[in-house]
*Asks:* 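Handing you a structure now.
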Amino acid sequence: MENNKYAKELDVGVKVVQMASSLCKTVQKALLSGTFNQVKSKNDDSPVTVADWSVQATVSWMLCKYFGSQRLSIIAEEDVQALSEPDSVGLLELVVNTVNETLAKAPTYGLNGPSEALRAPQVLEAIGRCNSSGGPVGKHWVLDPVDGTLGFVRGDQYAVALALIDDGKVVIGVLGCPNYPLEKESLNYHNNIDRHTFPSTNMSEVGCVIYTSKGSGEAWMQPLINGNEGLQGPNRAKLIKVSSIDDPALATFCESVEEANTNHSFTAGLANGVGLRNKPLRVHSMVKYAAIARGDAEIYMKFARGGYKEKIWDHAAGVLIVQEAGGVVTDAGGRPLNFSRGIFLEGLDRGIIACSGVKIHEKIIGAVYASWDSSNL
Ligand SMILES: Nc1ncnc2c1ncn2[C@@H]1O[C@H](COP(=O)(O)OS(=O)(=O)O)[C@@H](OP(=O)(O)O)[C@H]1O
Ligand SMILES: [Mg+2]
């Protein structure tokens with residue numbers, strides 16, 4: 001993918017997501033071992049941790065370094081409000097330390113860090129500058145620093161998701177999946193990681209970064225870079241591809257773990273309608289898109305409830321990765337998702353359907369039309 005128009009963006013994006021994934025692994029370990037209590041609630045009651053802010057600060061700082069801060073537009077999930085409150089002094093200190101520890105390892109990832117440690121105002125500045133509202137014109141970076149925060153705090157699956165939108169189209173997508181095993185066989189085990197046994201050493205290798213660029217027709221997967229080995233190790237990137245299964249009886253669909261985020265009974269009805277037999281694979285975060293792109297599952301469906309508007313950072317990277325790995329992603333009306341209208345997927349028809357191929361996709365869309373009117377959505 002070196003000849004690509006966005007080669008530099010992709011190169012920096014992959015390296016920075018590798019760094020961020022490593023940061024998340026360290027924080028998740030500390031969180032699960034009770035080393036520090038760092039979970040805060042946001043206004044919508046969803047959790048936010050040291051990792052969310054630290055990843056956002058690190059990625060923001062790196063993008064500014066490599067692409068200039070002047071006209072750089074970044075859209076990301078977190079703001080600085082909760083971190084700037086008087087009772088958050090300790091939390092801010094942890095974030096600043098985490099960011100500096102991460103940036104100090106930048107050369108390991110082939111990147112240049114700052115010449116001296118960042119101070120709190122610079123870290124807050126880096127987080128706060130990711131408040132662009134996107135739109136149809138120009139380049140916009142889109143970041144979900146920790147997607148699936150619930151999975152993250154539970155010691156389960158989560159993702160670091162970075163995408164670049166240019167004139168309304170997603171042109172690169174990078175997904176860090178720090179707890180996603182490289183081998184499919186161990187997915188189910190990890191999907192329900194036991195916080196008391198995490199991390200175990202006798203499992204297949206865990207953690208990958210998946211990336212693509214629009215029009216390449218290729219999606220790649222690297223194992224997580226080991227902090228000590230760094231770039232000295234062999235380049236172990238390999239091509240990934242969607243599943244070739246097109247018989248619904250053999251297919252698996254994935255969906256959100258939480259019933260609050262998608263309607264499980266509606267998707268169960270659709271699954272039944274098209275003849276799916278396997279039970280759903282419930283996984284936190286955009287790891288669901290990774291599973292489709294890697295051929296570990298064939299279908300991902302999300303039907304949010306009650307007027308919830310999907311955010312672009314929850315989908316941009318995953319959608320492009322699935323498409324370039326050979327899959328199809330549309331809304332439930334069969335239309336492409338629109339990333340050009342700000343932070344929401346405006347105009348989304350009912351839900352999101354990502355499939356490994358056209359045949360299964362058509363069946364699911366047909367089932368939605370057949371059962372929508374009798375559903376209570
Ligand atoms: N009410 C509601 N309906 C639908 N979707 C919602 C809702 N609330 C939040 N979100 C967004 O869903 C993201 C988590 O989706 P997941 O599929 O990972 O959910 S789950 O944890 O597996 O249940 C989650 O991403 P993170 O905030 O990054 O975790 C949210 O952006
Ligand atoms: Mg998210």
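Order of appearance sets the numbers: ligands from 1, and atoms from 1 within every ligand.
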*Asks:* Please check: side-chain N/O of T212 versus main-chain N/O of E218, any donor-acceptor pairing under 3.5 Å?
*Replies:*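 Yes: the side chain of T212 pairs with the backbone of E218.
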
*Asks:* For K311, is the NZ atom crowded, meaning more than 12 foreign heavy atoms sit under 6.0 Å from it?
*Replies:*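 For K311, atom NZ is crowded (more than 12 foreign heavy atoms under 6.0 Å).
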
*Asks:* With a 4.5 Å limit on heavy-atom distance, are the side chains of V146 and E78 in contact?
*Replies:*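 No, every pair of side-chain atoms sits at 4.5 Å or beyond.
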
*Asks:* Out of curiosity, E77 CD to D144 CG, how far, rounded to the nearest 0.5 Å?
*Replies:* 4.5 Å

*Asks:* Just need the protein heavy atom nearest to atom 31 (O) of ligand 1, so name the residue and atom and give the distance.
*Replies:* D314 OD2, 2.5 Å

*Asks:* Would you check if there is a donor-acceptor pair between the side chains of S73 and S132 at a distance under 3.5 Å?
*Replies:* yes

*Asks:* So does K8 have more than 12 non-hydrogen atoms from other groups sitting under 6.0 Å from NZ?
*Replies:* yes

*Asks:* What is the nearest protein non-hydrogen atom to atom 22 (O) of ligand 1, stated with its residue, atom name and distance?
*Replies:*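 Its nearest protein heavy-atom neighbour is V257 N, 2.7 Å.
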
*Asks:* Which ligand 1 atoms does A304 reach within 4.0 Å, using its non-hydrogen atoms?
*Replies:* 3 (N), 4 (C)

*Asks:* So which heavy atom in the protein is nearest atom 23 (O) of ligand 1, and how far is it from that ligand atom?
*Replies:* E258 N, 2.6 Å

*Asks:* Can you list the atoms of ligand 1 that are under 4.0 Å from a heavy atom of S256?
*Replies:* 16 (P), 17 (O), 19 (O), 20 (S), 22 (O), 23 (O)

*Asks:* Taking all non-hydrogen atoms of both residues into account, name the closest pair between A20 and V55 and its distance.
*Replies:*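 Heavy atoms only, the tightest pair is CB-CG1, 3.7 Å.
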
*Asks:* Check K241 against A325 and note the closest heavy-atom contact, atom names and distance.
*Replies:*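 Smallest heavy-atom distance, with atoms named: NZ-O, 3.1 Å.
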
*Asks:* To check your reading of the model: name the closest protein heavy atom to atom 21 (O) of ligand 1, its residue, and the distance in Å.
*Replies:*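 The closest one turns out to be H284 ND1, 2.7 Å.
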
*Asks:* Taking the minimum heavy-atom distance to atom 16 (P) of ligand 1, which of Q157, M286, E77, K288 ranks first?
*Replies:* K288

*Asks:* Could you tell me, atom by atom, which parts of ligand 1 come under 4.0 Å of a heavy atom of V283?
*Replies:* 22 (O)

*Asks:* Give me the nearest non-hydrogen protein atom to atom 9 (C) of ligand 1 as residue plus atom name, then the distance to 0.1 Å.
*Replies:* Y308 OH, 3.5 Å

*Asks:* Report the member of N261, N263, D52, D147 with the shortest heavy-atom distance to atom 4 (C) of ligand 1.
*Replies:*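 Among N261, N263, D52, D147, the closest heavy atom to atom 4 (C) of ligand 1 belongs to N261.
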
*Asks:* Quick one: list whatever passes ring pair (Phe, Tyr, Trp, His ring centres under 6.0 Å) with Y158, sequence neighbours left out.
*Replies:*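 Only F152 meet the ring pair (Phe, Tyr, Trp, His ring centres under 6.0 Å) criterion with Y158.
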
*Asks:* Against heavy atoms of K302, which atoms of ligand 1 measure under 4.0 Å?
*Replies:* 4 (C), 5 (N), 6 (C), 11 (C), 12 (O)

*Asks:* Among H284, Q28, Q157, whose side chain to side chain donor-acceptor pair (under 3.5 Å) with N179 holds?
*Replies:* Q28

*Asks:* Any side-chain donor paired with an acceptor under 3.5 Å for E255 and T267?
*Replies:* yes

*Asks:* Below 4.0 angstrom from a heavy atom of G148, which ligand 1 atoms are there? Numbered from 1 as shown, please.
*Replies:*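 Result: 26 (P), 28 (O), 29 (O).
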
*Asks:* List every atom of ligand 1 that sits less than 4.0 Å from any heavy atom of S285, numbering the atoms from 1 in the order shown and giving each element.
*Replies:* 16 (P), 18 (O)

*Asks:* Strictly below 4.0 Å, N to O, side chains only: are K363 and E298 in salt-bridge contact?
*Replies:* no

*Asks:* Testing the 3.5 Å rule here: is there a donor-acceptor pair between the side chains of Y289 and D147?
*Replies:* no

*Asks:* Heavy atoms only, cut-off 4.0 Å: how does T149 contact ligand 1, side chain, backbone, both, or neither?
*Replies:* both

*Asks:* Going by the atom numbers of ligand 1, which of them fall below 4.0 Å from some non-hydrogen atom of A260?
*Replies:*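 The list of qualifying atoms is 1 (N), 2 (C), 3 (N).
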
*Asks:* Which atoms of ligand 1 are found less than 4.0 Å from any heavy atom of V146?
*Replies:* 28 (O)

*Asks:* Looking only at side-chain N and O atoms, does W220 offer a donor or acceptor that is under 3.5 Å from a partner on Q222?
*Replies:* no

*Asks:* Output, by chain and residue number, all protein N/O/S atoms separated from the Mg ion (ligand 2) by less than 2.8 Å.
*Replies:*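 Near the Mg ion (ligand 2), the protein supplies D144 OD2, D147 OD1, D314 OD1.
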
